[in-house]
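Only this structure's heavy atoms are used, side chains among them; waters, hydrogens and symmetry mates stay out.
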Amino acid sequence: MWRRPMSEDPRRGFTLIEVMVVIVILGLIAGFAVPQLARAITQAKITRAVSDFRIIEGAAQRMFGDLGVYPAEGPWCVGAGFVNLTDVPAAYQSSWKGPYLKRWPLQHAFGGCVTYLQARGCGFADSDGVVDNDSYVHFMDAGPFTDAIKQNIDRILDDGVLTTGVVRQCRGGLAYLLGEGPIW
């Protein structure tokens, strides 16, 4: 009677060598894929941060165009007057054509709060001859918001140097100059 050889036994499992080869192959794939994925996620966050800066800049310019003033600095982690008419002083409410943003971003892509600030504290060039009237949006430091990431954002928006231009490292985060002008 003919018998099937052992190697053709349907109940036969994988050898230890076969299992180890598969594990090594999966480890190599993960070793190449995970760093690429991490870089892609970081790049997506940088793109979002740049986009948020530009969207807020556009809203600030529209508000300044309508009102002739920038908002006064408010509390940390808010954007005074960009979303709600109730945040605008009565003298400017009739000219307010907002909301200029659907909502103020509570956090930037790297986790810190987003704040509208008004002052001279970040060392922006005073181009209009009036001190303390720089309007800027500030992304507070948080988690993985490193200097290298800030420089990448600065490189896209400005000059890549965190101490010059319209993007500056200051007040425990990254600031983007929106403009200079009178405030309410």
Testing the basics here: between L177 and S135, what is the closest heavy-atom pair and its distance to 0.1 Å?
CD1-O, 3.5 Å
Run through the side-chain heavy atoms of Ile, Leu, Val, Met, Phe, Trp and Tyr, join any pair under 4.5 Å, and report what else lands in I29's cluster.
I17, V21, I25
If you group Ile, Leu, Val, Met, Phe, Trp and Tyr by side-chain heavy-atom gaps below 4.5 Å, do V78 and V69 land in one group?
no
For V166 and Y136, what are the C-alpha separation, side-chain angles and deciding distance, and is it a side-chain contact (heavy atoms from CB on, under 4.5 Å)?
CA-CA 9 Å; V166 297; Y136 57 96; over 6 Å; no
Under a side-chain separation threshold of 4.5 Å, the hydrophobic residues clustered together with V19 are F14, I23
Atom pair CD (Q118) and CG (N133), whose distance is rounded to the nearest 0.5 Å:
6.0 Å
Using the rule that Ile, Leu, Val, Met, Phe, Trp and Tyr join whenever any side-chain heavy atoms are under 4.5 Å apart, tell me whether L162 and V50 fall into a single cluster.
yes
For D158, which residues count as a side-chain hydrogen bond (donor to acceptor under 3.5 Å, both in side chains) partner, sequence neighbours excluded?
none
Any chain of hydrophobic side-chain contacts (each under 4.5 Å) joining V137 to I149?
yes
Between W184 and L67, which heavy-atom pair has the shortest distance, and what is it?
CZ3-CD1, 3.7 Å
Are any of the side-chain heavy atoms of F145 and H108 separated by less than 4.5 Å?
yes
Show me the pairs that pass disulfide (SG to SG under 2.5 Å) and involve residues 20-69, at least two apart or across chains.
none
Going by salt bridge (charged side-chain N to carboxylate O under 4.0 Å, His left out), name the residues that satisfy it together with E180, two or more places apart in sequence or in a different chain.
none
With a 4.5 Å cut-off on side-chain heavy atoms, are L101 and M63 touching?
no
What heavy-atom pair brings D52 and F139 nearest, and what distance separates the two atoms?
CB-CZ, 3.9 Å
Applying ring pair (Phe, Tyr, Trp, His ring centres under 6.0 Å), which residue pairs with at least one partner in residues 148-178 are found, sequence neighbours left out?
F53-Y176
Go through it in stages, so that I can follow the logic: the residues are R155 and V167, the test is side-chain contact (heavy atoms from CB on, under 4.5 Å), and I'd like the CA-CA distance, side-chain angles, deciding distance and then a yes or no.
CA-CA 9 Å; R155 199 171 292 114; V167 178; over 6 Å; no
Got a sec, which hydrophobics cluster with L26, joining ILVMFWY side chains under 4.5 Å apart, including via others?
V22
Just grab all the disulfide (SG to SG under 2.5 Å) pairs involving residues 79-135, residues at least two apart or on different chains.
C77-C113, C122-C170
Listed by chain and number, what are the side-chain hydrogen bond (donor to acceptor under 3.5 Å, both in side chains) partners of R62, not counting sequence neighbours?
none
On a heavy-atom basis, which atom in P71 and which in I183 lie closest, and how many Å separate them?
O-CG2, 4.0 Å
Closest heavy-atom contact between L178 and E57?
CD2-CA, 3.4 Å
Do you know which two heavy atoms are closest between G181 and F64, and how far apart they sit?
CA-CE1, 4.3 Å
In terms of ring plane angle, is the pair W96 and Y100 parallel, tilted or perpendicular, where the classes change at 30° and 60°?
perpendicular
Should L174 and V161 be regarded as members of a common hydrophobic cluster, given that ILVMFWY residues are connected when their side-chain heavy atoms come within less than 4.5 Å of each other, either directly or indirectly?
no
Residue pairs fulfilling side chain to side chain donor-acceptor pair (under 3.5 Å) with at least one residue in residues 67-80, sequence neighbours excluded
Q61-Y70
Donor-acceptor contacts, no H, no angles, side chain residues 31-48, under 3.5 Å, sequence neighbours left out:
from : atom 1 : to   : atom 2 : distance (Å)
T42  : OG1    : A38  : O      : 3.1
T47  : OG1    : Q43  : O      : 3.0
R48  : NH2    : Q107 : O      : 3.0

Spacing of NE2 belonging to H138 relative to CG belonging to L117, to within rounding of 0.5 Å:
6.5 Å
Could you go through residues 80-95 and list every donor-acceptor pair under 3.5 Å that involves a side-chain atom there, pairing it with any protein atom two or more places apart or in another chain?
from : atom 1 : to  : atom 2 : distance (Å)
Q93  : NE2    : L85 : O      : 3.4
Q93  : NE2    : V88 : O      : 2.8

